[in-house]
There are 2 protein chains.
Amino acid sequence: MARGSQTEAAVLGVLSVQSVTGYAVREAIRDVLGHFWSESFGQIYPTLAQLEHDGLVERSHGERAGSSVYAITVAGRDRLVELLRQPDHPAPPRSGLMLRLFFGNALGVDACRGLIRHARVTAEEQLETFQAIRDELASDAATREHHPYWLLTISAGEHTARAVLDWADESLESLTALEPNEPGTRAT
Amino acid sequence: MARGSQTEAAVLGVLSVQSVTGYAVREAIRDVLGHFWSESFGQIYPTLAQLEHDGLVERSHGERAGSSVYAITVAGRDRLVELLRQPDHPAPPRSGLMLRLFFGNALGVDACRGLIRHARVTAEEQLETFQAIRDELASDAATREHHPYWLLTISAGEHTARAVLDWADESLESLTALEPNEPGTRAT
DNA sequence: TCATTCATGTAAGTGGTTACATGATTCA
DNA sequence: TGAATCATGTAACCACTTACATGAATGA
């Protein structure tokens, strides 16, 4: 899947579940796909315009003045499947946390501990969020045919978060064994 | 940390371990930081030129004709610590796998199974790679002060890979319970 | 001698973010 | 009435990738 088509797929995907405004597409991507996907305004509106031009979505008047509701067409559904079938070209990894830890000898062991603790807290918060999403899903019958798939992504998030928890505990343990060698410590 | 400075940090970091050519910086980033970081040629050479201009690295003649070896300066070490201390602004998540699974109802359950199996295989291969790196590290005494930190990143990779394994097994199980509803299946 | 690796750089293109500009509607 | 939210769009900018261009050294 060419990089640009990923946005197309995400937007078509949202519209395949429900017809909404461009603004709501962005909200859905942020709130529902948020733990594994993101799109900015600057991408969504031009993409919607392109999709309309290609006959993959249709635009109708929204309830508010000037607002548009987009609905996916039959051709749009075909296109969505076509896009989803294309191979994934994952972006090269770039973890700022790992970069800092890798050069932890320069950064100093205390700063490393802080980074790991922070990652742990974030993972804990994520687990709570995932539980909340599970609860919400359980009471949403309208989209029940999607739930088995949506749960897959939630479960992936949970597994990853728990892995971070385990890793953080192990890592904090292993760093306590280290003498407080702090090459990077200076008064600021 | 501003986005551009991350490249600066990665390059300075590599040079803080050993003085090498630009080509070798790229190799180190690809082979050693590869599981959590990446830089392309187009980034490394301009960054090295900038770092030299700022007095953070020094250039000397390499063994080969026309080749340059870069060495980090004292100011460069200070700058590295400064960069590593800056807060991390993680790139927004973009998992093509999760996007496809989330819209699995459109893609079809068989294609989803294929994606998950593929992710599982990749995770298995990664675990083997990590073991190989562990073995290599154990026999490299020259960089021993870095090892506690380098092991942190390897361990993180292993935890993540094992999480994928568990998630994949669970997910494949959960999908077998699903009737073979295949909206996305068409002859191509 | 010929392919591969080592080595350095530039230029064009892309995918994406951020900020800007505008205005209606809702609700406190 | 005024702040927050809903809503649509554009323009500038940025980091990064890919492809290109070049050539020396190594080793089969």
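Naming convention: chains lettered A, B, ... in sequence-line order (proteins, then strands); numbering from 1 in each chain.
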For the side chain of A65(A), counting heavy atoms from C-beta on, which of dT10(D), dA24(C), dT10(C) is nearest?
dA24(C)

Which nucleotide in the set dT17(C), dC6(C), dG16(C) lies at the smallest distance from any side-chain heavy atom of T7(A)?
dG16(C)

In whole angstrom, give the distance that lies between atom [atom1] of [X] and atom [atom2] of [N].
X	N	atom1	atom2	answer
F41(A)	dG9(D)	CZ	P	12 Å
R26(B)	dC6(C)	CZ	P	10 Å
R94(B)	dG15(C)	CZ	C1'	8 Å
R30(B)	dT5(C)	CZ	C1'	11 Å
Y45(A)	dT17(C)	OH	C1'	16 Å
E52(A)	dT8(D)	CD	P	12 Å
I44(B)	dT8(C)	CD1	P	11 Å
Y70(B)	dA7(C)	OH	P	12 Å

Can you tell me if S67(A) touches the phosphate of dA7(D), counting only side-chain N or O atoms and a distance under 4.0 Å to OP1 or OP2?
no

Counting only side-chain N and O atoms of Y23(A), is one of them less than 4.0 Å from OP1 or OP2 of dT8(D)?
no

Look only at the side chain of S5(B) and the backbone of E8(B), and say whether a donor-acceptor pair between them is shorter than 3.5 Å.
no

Run the salt bridge (Lys or Arg N to Asp or Glu O under 4.0 Å) test against E125(B) and tell me which residues pass, sequence neighbours left out.
none

Check this for me, if you would: do R85(B) and E82(B) make a salt bridge, where the nitrogen-to-carboxylate-oxygen distance has to be below 4.0 angstrom?
no

Charged N-O contact under 4.0 Å between D54(B) and R79(B)
no

Using a heavy-atom cut-off of under 4.0 Å over every strand shown, decide if [X] touches base, sugar-phosphate, or nothing.
X	value
T21(B)	sugar-phosphate
R59(A)	sugar-phosphate
G22(B)	sugar-phosphate

Centre-to-centre under 6.0 Å for H35(A) and F130(A), is that the case here?
yes

Between S68(B) and R64(A), just flag the one whose closest nucleotide in DNA chain C comes earlier from the 5' side.
S68(B)

Between E63(A) and S38(A), the residue closer to the 5' end of DNA chain C by nearest nucleotide is S38(A)

